[in-house]
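Only one structure is covered here, and it is reproduced in the block below.
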Amino acid sequence: MEDLKQTPAPLAAQARRPNLDSLFSVNPDGSRNTIHPATVGGRFQRRKNVLWAVLIAVYLVLPWLDVGGNPAILIDIGRRHFFLFGWIFTAQDFWLAFFFVTGVGFSLFVVSALFGRLWCGYACPQTVFLEGVYRRIEAWIEGSPRRRKELDRAPWTGSKIGKRLIKYVLYGAASLALSHTVLSYFMPVEEVFAAMTSAPSRNPTAFTFVVAFTAILFVNFTWFREQLCIVICPYGRLQGVLYDSHTVNVGYDHRRGEPRGKLSAAGAGGDCVDCYRCVAVCPTGIDIRNGTQLECIGCANCIDACDEVMDKVGRERGLVRYDTLAVFEGRARRFWRPRVALYGGALVLGLTVFALAAGGRAPFQAELLRLPRSTFTLEGGVVSNAFSLRVQNKESSAVAFHVEAAVPAWAEVVLPVRSLRLESLQEQRLPLFVRGPRSAFRLGDTVQITVRTDDTERVLTAPILGPRGPVQPPSKGGEQR
């Protein structure tokens with residue numbers, strides 16, 4: 001592999017400079033301008049490389065981890081079961097997702113208000129896999145950024161076709177592996193492997209998902225790339241309303257850097273030597289010296305690049321750095337602000353409600369439901385109500401259940417099973433009938449069912465329905481109401 005740290009193309013060779021009026025990834029004629037950021041080293045790059053390696057390992061390994069005998073994270077839509085680090089949820093617990101998502105969402109708001117697009121530049125899967133996987137494959141096959149640009153402009157020779165074919169095959173393999181990893185967050189890994197080794201007709205939904213998601217990933221990481229962050233990502237679009245002048249962002253110290261110019265240029269009294277290096281390393285093609293922009297993902301490439309240049313020319317680092325607009329303008333920095341308190345309060349509220357509600361849930365689900373399209377039957381002077389008792393074990397191990405019924409003195413309960421044992425997430429429906437003489441029926445009477453385990457019990461109540469008014473002679477064959 002050739003050295004990737006080659007000097008970017010000289011300023012004279014740049015046909016176009018980034019500005020605030022148009023996207024650098026789109027040419028003036030509307031065609032795609034593929035950005036090949038120059039390679040840069042430095043303290044932030046080293047930190048990102050370590051973090052990306054950890055995150056990629058977490059993304060790939062997490063579906064394999066078990067907590068309490070169940071997957072660490074699994075959203076099993078088919079069975080309507082959800083696992084989150086030892087907690088087990090069913091479809092009836094879906095309302096808790098609102099508070100969980102709210103808490104997680106406001107955590108991003110807090111981070112953005114304090115540190116800008118820190119998530120985007122360091123931990124977003126789009127950045128992690130684009131920079132940590134796909135660009136590395138591209139560099140290994142096609143060489144340095146300069147060589148990749150030359151290859152883009154070169155005619156389609158056998159060498160170019162061969163390099164592109166190898167790159168696309170590796171891109172496809174990586175996309176296929178990632179799509180199966182994503183699928184394993186929605187299907188147990190054992191079932192994912194079974195689907196991979198069986199005919200597509202046996203798992204049509206999983207097969208369709210893998211094909212579609214692989215295609216999306218391939219197009220995204222091959223061609224769309226930074227446009228996802230700029231055009232599609234809603235979080236990126238929200239940044240403008242989350243920032244203020246005290247938000248820490250990647251910025252250019254214009255008071256120190258201007259007037260810019262080459263070392264030997266007359267009137268260039270600022271520290272910026274206008275080397276264009278900060279632009280050359282930017283993955284979205286912006287000039288950070290133009291100020292905070294939508295396209296900036298806070299990746300710190302320009303910081304490391306500028307620090308390298310400052311070291312070479314014997315000037316102090318930090319011309320481009322993480323800092324607030326207030327400091328760049330000569331004002332004091334403020335950490336706590338009303339918006340931080342507001343977002344932080346919403347974060348704490350959402351996660352607190354989720355934790356309390358999730359922790360206070362009963363370890364089993366019990367429902368007493370009247371049979372569909374049935375209120376009561378009257379036959380031979382006997383009123384009868386039919387119910388279905390549904391019991392589901394939400395624990396990670398088998399649990400024994402005991403059922404008790406209480407009805408008015410005039411009625412009796414028919415319940416075929418009074419004790420049952422259910423495995424984890426297993427459910428059972430039991431028929432239950434309440435009946436008694438029509439002459440003794442009273443409006444307002446109820447049936448009370450107690451479902452008990454060794455540790456917990458739930459009491460379910462339902463009204464007993466019957467006819468109103470005086471007793472009528474029974475009709476032949478009974479009467480359905």
Side-chain angles (χ1 to χ4, degrees), residues 37 40 42-60 62 73 84-85 97 99-135 178 181-182 185 217 220-221 224-251 281-286 288 292-304 320-325 335-337 339-348 350-351 354:
V40 62
R43 52 191 172 128
F44 290 108
Q45 308 310 307
R46 291 190 293 271
R47 295 168 186 171
K48 286 193 296 184
N49 288 336
V50 173
L51 179 61
W52 291 343
V54 172
L55 289 176
I56 290 173
V58 169
Y59 293 145
L60 297 180
L62 198 55
I73 294 181
L84 181 65
F85 298 110
F99 297 99
F100 180 76
V101 172
T102 299
V104 173
F106 276 104
S107 68
L108 291 178
F109 281 25
V110 172
V111 171
S112 297
L114 292 174
F115 306 109
R117 296 185 74 168
L118 194 67
W119 159 263
C120 299
Y122 289 82
C124 175
Q126 170 74 8
T127 300
V128 171
F129 286 102
L130 174 59
E131 303 296 338
V133 177
Y134 287 84
R135 283 205 202 276
L178 286 180
T181 299
V182 173
Y185 282 89
L217 290 175
N220 174 43
F221 290 119
F224 206 58
R225 295 192 168 184
E226 74 285 342
Q227 294 180 108
L228 179 73
C229 308
I230 300 170
V231 179
I232 294 181
C233 179
Y235 179 59
R237 289 288 182 179
L238 282 172
Q239 299 300 307
V241 298
L242 300 176
Y243 291 169
D244 60 18
S245 61
H246 298 281
T247 299
V248 176
N249 275 308
V250 177
V281 301
C282 180
T284 59
I286 68 168
I288 193 62
T292 302
Q293 297 157 65
L294 167 69
E295 301 97 303
C296 179
I297 62 171
C299 66
N301 285 10
C302 53
I303 297 179
D304 282 333
V320 179
R321 64 180 185 271
Y322 281 116
D323 217 327
T324 67
L325 179 62
F335 185 82
W336 291 109
R337 291 103 66 197
R339 71 176 60 206
V340 175
L342 176 63
Y343 299 154
L347 160 65
V348 172
L351 292 183
F354 171 78

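None of the values given here were measured: they were computed from a predicted structure.
Here the straight-line distance linking atom CG of Leu62 with atom CG of Leu55 works out to 11.5 Å at 0.5 Å rounding. To the nearest 0.5 angstrom, Gln293 atom CD is 6.0 Å from Ile288 atom CD1. In this structure, SG in Cys233 is found 8.5 Å from CG in Leu238, a value given to the nearest 0.5 Å. A distance of 11.5 Å separates CD1 in Ile297 from CG in Leu118, rounded to the nearest 0.5 Å. A distance of 7.5 Å separates SG in Cys124 from CG in Leu228, rounded to the nearest 0.5 Å. Note that the CG atom of Asn249 and the CG atom of Leu325 stand 9.0 Å from one another [nearest 0.5 Å].
For Arg135 against Arg225, the heavy-atom pair with the smallest separation is NH1-NH1, 3.2 Å. The minimum heavy-atom distance linking Cys299 with Pro283 is given by the pair SG-CD, 3.7 Å. Nearest heavy-atom pair across Val250 and Cys296 is CB-SG, 4.4 Å. Shown here for Pro125 and Trp119, the closest heavy-atom pair between the two residues is CD-CZ2, 3.9 Å. Contact record, Cys302 with Val320: SG-CG1, 3.7 Å, taken as the closest heavy-atom pair. Counting all heavy atoms, side chain and backbone alike, Val281 lies closest to Asn301 at O-ND2, 3.1 Å.
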Hey, mind stepping through Tyr322 and Ile303 against side-chain contact (heavy atoms from CB on, under 4.5 Å) and telling me if it holds? CA-CA 8 Å; Tyr322 281 116; Ile303 297 179; 3.6 Å; yes
Checking Phe129 against Leu217 for the side-chain contact (heavy atoms from CB on, under 4.5 Å) test, could you report, in this order, the C-alpha distance in whole Å, the side-chain angles of both residues, the deciding distance, and whether it holds? CA-CA 10 Å; Phe129 286 102; Leu217 290 175; over 6 Å; no
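Contact of the Trp336 side chain with the His246 side chain is not registered, since no non-hydrogen atoms from C-beta on lie closer than 4.5 Å. A 4.5 Å side-chain heavy-atom check between Asp323 and Val248 finds every atom pair outside the cut-off.
No donor-acceptor contact under 3.5 angstrom links the side chains of Gln227 and Asn220, judged on distance only.
In this pair, Phe106 and Tyr343 present their aromatic rings tilted. The plane angle is within the 30 to 60° band. Using the six-membered ring where Trp is involved, Phe354 and Phe100 have ring planes that are tilted, between 30° and 60° apart.
A donor-acceptor pair is defined here as one N or O able to donate and one able to accept, closer than 3.5 Å; no such pair exists between the side chain of Arg237 and the backbone of Cys229. No donor-acceptor pair under 3.5 Å is formed between the side chain of Arg339 and the backbone N or O of Phe109. Put simply, the side chain of Thr284 gets close to the backbone of Glu295: a donor and an acceptor are under 3.5 Å apart.
Annotation: Tyr122 is not in aromatic contact with Phe115 [ring centroid separation under 6.0 Å not met].
Listed by chain and residue number, Arg32 satisfy the side chain to side chain donor-acceptor pair (under 3.5 Å) test with Glu226 (two or more places apart in sequence, or in another chain). Applying the side chain to side chain donor-acceptor pair (under 3.5 Å) rule to Thr247 yields the partners Asp244, Arg337; only residues at least two apart in sequence or on another chain are considered.
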